[in-house]
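Note sheet for the following structure.
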Amino acid sequence: MARLIFLGPPGAGKGTQAQIVAARLGIPHISTGDILRHAVAQKTALGVQAQDYMDRGALVPDQLLEAMIEERLRQPDTQSGWLLDGYPRTLPQAVYLDTLLSLLGQPYDRALNLEVGDETLVGRLLSRGRRDDTEPVIRHRLQVYRDQTAPLIDFYQQRHHLLEVNGDQELDLVTQSLLTALSAAGLSVPSTP
Ligand code: AMP
């Protein structure tokens, strides 16, 4: 059982690593970006409201995500734990999440931060080819990250719940570093995939 929050700039390989680590720990990978993209594709009320922000590389307003994340964390599969990827992304979201998790009786164990230098990020994002991965949108997303999301590193550090991992390595080594950090923090990591 583990409840984990994944932080890191866009292009850090957060989504890929989140998926691998969640599978390894046997917990659901909850990506707010994936949920939102699904809502956009289905043209739900949330999707219609979120689309324009996403296309611009802007953050979807905090209030639009609150019901969505609460609904997701109330699904039965979260009893085994979860890995949150892409949420929280602002300080108000982090504060909301703290309140929601105490309400649900699901305190998080650790926040993980994947550190990657700026030069690596733009190159990785450009090679990904997603519809919101054009260069001006990427630059905007990095700026939004610096302004709004990077302060979360301090937020979790102050709570002594932050684990920092070097994301600027080969994919397998990043996974290994993440699992080692979790295990060193006392979380149980199954030895075979
Ligand atoms: P991601 O797949 O995590 O890169 O998210 C893709 C896009 O979805 C972001 O650029 C935002 O527009 C939106 N998004 C995802 N998660 C959040 C969040 N926690 N807060 C605001 N917007 C979000």
Side-chain angles (χ1 to χ4, degrees), residues 3-22 28-75 78 82-101 104 106 108 111-116 118 120-156 165 167 174 178:
R3 300 189 190 103
L4 304 172
I5 295 169
F6 250 52
L7 303 173
K14 193 162 47 74
T16 309
Q17 294 294 337
Q19 229 165 357
I20 298 171
V21 170
H29 167 220
I30 301 178
S31 154
T32 46
D34 284 351
I35 300 174
L36 287 168
R37 278 185 287 278
H38 184 72
V40 169
Q42 301 290 308
K43 298 194 167 59
T44 66
L46 171 66
V48 170
Q49 292 182 82
Q51 176 158 24
D52 180 52
Y53 297 98
M54 295 174 74
D55 285 346
R56 285 186 284 122
L59 292 181
V60 175
D62 293 341
Q63 316 82 268
L64 287 183
L65 282 115
E66 290 179 359
M68 180 185 112
I69 198 79
E70 175 170 1
E71 189 195 325
R72 182 62 189 87
L73 288 174
R74 284 186 183 278
Q75 305 283 315
T78 59
W82 36 256
L83 191 160
L84 273 184
D85 165 16
Y87 194 93
R89 261 214 189 44
T90 65
L91 280 173
Q93 288 182 15
V95 171
Y96 171 79
L97 182 65
D98 270 2
T99 311
L100 176 64
L101 295 180
L104 298 175
Q106 300 184 18
Y108 67 91
L112 289 147
N113 183 41
L114 269 189
E115 298 170 296
V116 176
D118 273 12
T120 313
L121 295 176
V122 178
R124 284 201 196 164
L125 286 165
L126 280 172
S127 67
R128 205 161 65 165
R130 213 167 73 187
R131 107 183 223 158
D132 57 346
D133 279 341
T134 59
E135 190 154 356
V137 172
I138 287 171
R139 297 215 175 271
H140 186 58
R141 278 219 307 276
L142 284 172
Q143 192 57 47
V144 168
Y145 168 78
R146 279 186 209 106
D147 294 345
Q148 307 218 49
T149 309
L152 296 181
I153 298 172
D154 279 349
F155 179 91
Y156 289 109
V165 170
V174 177
L178 285 163

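In each ligand, atom 1 is the first atom listed, and ligand 1 is the first ligand listed. All values reported here derive from a predicted model rather than from experimental measurement.
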Supply the atom-to-atom distance Tyr53 OH to Leu36 CG, rounded to the nearest 0.5 angstrom. 12.0 Å
To check your reading of the model: name the closest protein heavy atom to atom 18 (C) of ligand 1, its residue, and the distance in Å. Gly86 O, 3.6 Å
So which atom in Thr78 and which in Gln75 form the shortest heavy-atom distance, rounded to 0.1 Å? OG1-O, 2.8 Å
Per side chain to side chain contact (heavy atoms under 4.5 Å, CB included), Tyr108 is matched among Leu4, Leu101, Leu83 by Leu101
Rounding to 0.5 Å, atoms OG1 (Thr32) and CZ (Arg89) come to a distance of 5.5 Å
Does the side chain of Leu84 reach to within under 4.5 Å of the side chain of Leu97, using non-hydrogen atoms? yes
Between ligand 1 and Arg89, is the shortest N or O to N or O distance under 3.5 Å? yes
Point-to-point distance, once rounded to the nearest 0.5 Å, from CZ of Arg74 to CG of Leu100: 7.0 Å
In terms of residue, atom name and distance, what is the protein heavy atom nearest to atom 8 (O) of ligand 1? Met54 CE, 3.5 Å
Looking at atom 23 (C) of ligand 1, what's its closest protein heavy atom, distance included? Leu36 CD1, 4.0 Å
Between Leu125 and Arg141, is there a side-chain heavy-atom distance shorter than 4.5 Å? yes
Taking the side chain as C-beta and beyond, is there a heavy-atom pair between Asn113 and Leu152 under 4.5 Å? no
Atoms of ligand 1, numbered as shown, that sit under 4.0 Å from any heavy atom of Thr32: 15 (C), 16 (N), 17 (C), 19 (N)
Which option, Pro10, Ala58, Gly57, Gly33, owns the non-hydrogen atom nearest atom 12 (O) of ligand 1? Ala58
Return a yes/no value for Arg37: is any of its N or O atoms, backbone included, closer than 3.5 angstrom to an N or O of ligand 1? yes
Out of Arg141, Gln148, His140, who gets a non-hydrogen atom closest to atom 10 (O) of ligand 1? Arg141
Leu65 contact mode with ligand 1 (heavy-atom cut-off under 4.0 Å): side chain
What's the shortest distance from atom 20 (N) of ligand 1 to any protein heavy atom, and which residue and atom give it? Gln93 NE2, 2.9 Å
Looking only at heavy atoms, is any part of Val60 under 4.0 Å from ligand 1, and if so is it the side chain, the backbone, or both, or is it neither? both
Counting heavy atoms only, which part of Arg130 comes closer than 4.0 Å to ligand 1: side chain, backbone, both or neither? side chain
Does any non-hydrogen side-chain atom of Phe6 lie less than 4.5 Å from one of Ser31? no
Asp132 N/O to ligand 1 N/O under 3.5 Å: no
Does only the side chain of Pro88 get under 4.0 Å from ligand 1, or the backbone, or both, or neither? Count heavy atoms. neither
